[in-house]
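Data first, discussion second: the structure below is written as structure tokens.
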Amino acid sequence: MRVLGVDPGTVATGWCAVDEADGRPRFVAGGVIRPRGSLPQRLAAIQERIRSIIDEHLPSCLSLEKSFVGDNVQTAFRLGEARGAILVAAAAGDLGIAEYSPAEIKVAVAGGGRATKEQMQTMIAHLLGVAVDIPADQADALGAAVCHLNSRRFADLVGAETGGAVLRSRRAARGARRR
């Protein structure tokens with residue numbers, strides 16, 4: 001399975017292609033898109049570049065960081081606009097889309113939802129055997145891809161080994177305790 005991980009932004013959009021080989025992620029390619037011009041021109045450039053990356057690397061799905069509202073609502077709006085351009089490119093490429101919160105990505109890669117950028121870069125470098133000094137936007141995209149691979153692997157294990165029986169039995173046990 002090949003996953004295209006994307007860290008959206010209107011100034012810098014990180015991207016990466018990651019394969020799963022023998023249950024481990026393997027770096028294929030990555031970079032940072034730095035569009036120029038007005039906001040509509042930057043969004044068009046992001047959409048076009050993501051589309052060309054999809055055509056070149058042929059991923060089976062796209063893993064994307066979810067929007068969040070931090071201290072600046074305007075920043076959240078710009079992030080949402082970049083996500084829209086990326087989602088249009090993914091839809092045009094007929095890709096499945098997985099979305100994860102920043103905390104989910106940090107837990108999947110660094111083991112904690114409050115991991116710093118430096119911790120994420122170090123863990124990504126360790127997991128994928130890439131340079132520690134990769135750009136933060138590309139490291140975040142790699143994190144999104146690794147998070148999806150880990151989440152999919154876990155879902156496969158739970159579904160394959162238990163057929164969901166463990167989940168059903170825990171629910172049944174909770175219901176029995178309430179009675």
Side-chain angles (χ1 to χ4, degrees), residues 1-20 25-36 39 42-54 56-57 59-91 93 95-152:
M1 166 182 250
R2 179 167 290 175
V3 176
L4 177 62
V6 181
D7 177 48
T10 56
V11 175
T13 293
W15 69 272
C16 70
V18 175
D19 282 342
E20 185 174 44
R26 185 181 63 82
F27 177 78
V28 175
V32 179
I33 303 164
R34 298 187 188 282
R36 302 282 183 232
L39 179 62
R42 291 193 317 260
L43 294 173
I46 291 167
Q47 188 270 336
E48 290 169 12
R49 182 66 179 117
I50 292 294
R51 182 69 185 151
S52 71
I53 291 166
I54 290 168
E56 180 180 349
H57 294 287
S60 53
C61 66
L62 181 133
S63 181
L64 182 66
E65 186 175 286
K66 286 181 183 176
S67 293
F68 65 95
V69 177
D71 296 333
N72 187 335
V73 174
Q74 289 301 314
T75 301
F77 288 151
R78 296 293 87 79
L79 177 64
E81 291 166 342
R83 281 175 38 81
I86 294 160
L87 291 170
V88 167
L95 290 183
I97 298 166
E99 298 178 271
Y100 300 96
S101 71
E104 288 173 307
I105 293 170
K106 290 176 180 183
V107 166
V109 173
R114 295 186 179 267
T116 64
K117 291 270 189 195
E118 293 78 20
Q119 289 170 322
M120 289 292 289
Q121 287 172 299
T122 300
M123 286 306 296
I124 283 296
H126 174 74
L127 289 170
L128 297 170
V130 295
V132 175
D133 62 347
I134 59 174
D137 298 299
Q138 184 179 342
D140 289 348
L142 286 162
V146 168
C147 180
H148 180 67
L149 290 173
N150 288 346
S151 296
R152 190 189 61 78

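Because only heavy atoms are used, hydrogens play no part in the values below, and waters and symmetry mates are left out as well, while side chains stay in. One-based numbering along the sequence shown.
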Measuring from [X]:[atom1] to [Y]:[atom2], what's the distance to the nearest 0.5 Å?
| X | Y | atom1 | atom2 | answer |
| --- | --- | --- | --- | --- |
| Leu95 | Ser63 | CG | OG | 11.5 Å |
| Met123 | Leu128 | CE | CG | 10.0 Å |
| Arg34 | Asp137 | CZ | CG | 6.0 Å |
| Gln47 | Thr13 | CD | OG1 | 12.0 Å |
| Ile50 | Leu4 | CD1 | CG | 5.5 Å |
| Thr10 | Leu39 | OG1 | CG | 6.0 Å |

State, to 0.1 Å, how close [X] and [Y] come at their nearest heavy-atom pair, and which atoms those are.
| X | Y | value |
| --- | --- | --- |
| Thr116 | Gln119 | N-OE1, 2.7 Å |
| Val107 | Gly113 | CG2-N, 3.4 Å |
| Met1 | Ser60 | CG-OG, 3.5 Å |
| Ile134 | Gln121 | O-NE2, 2.7 Å |
| Tyr100 | Ala98 | CE1-CB, 3.6 Å |
| Pro35 | Ile46 | CG-CG1, 3.9 Å |

Run the side-chain contact (heavy atoms from CB on, under 4.5 Å) check on Val28 and Arg26 step by step: do they pass? CA-CA 6 Å; Val28 175; Arg26 185 181 63 82; 4.2 Å; yes
Donor-acceptor check, side chain of Arg2 to backbone of His57, threshold 3.5 angstrom: yes or no? yes
Do Glu65 side-chain atoms and Ala144 backbone N/O form a donor-acceptor pair below 3.5 Å? no
Is there side-chain contact between [X] and [Y], with at least one heavy-atom pair below 4.5 Å?
| X | Y | result |
| --- | --- | --- |
| Met120 | Ile105 | yes |
| Pro59 | Val3 | no |
| Leu127 | Leu142 | no |

Applying salt bridge (Lys or Arg N to Asp or Glu O under 4.0 Å) as the test, list every pair that has at least one member in residues 102-126; sequence neighbours left out. Lys117-Asp140
Could you walk me through whether Glu48 and Arg51 pass the salt bridge (Lys or Arg N to Asp or Glu O under 4.0 Å) check? CA-CA 5 Å; Glu48 290 169 12; Arg51 182 69 185 151; over 6 Å; no
Looking only at side chains, do Arg49 and Ser52 share a donor and an acceptor under 3.5 Å apart? yes
Check Leu43, Leu62, Asp7 against Ile86 for a side-chain contact (heavy atoms from CB on, under 4.5 Å) and give me the one that passes. Leu62
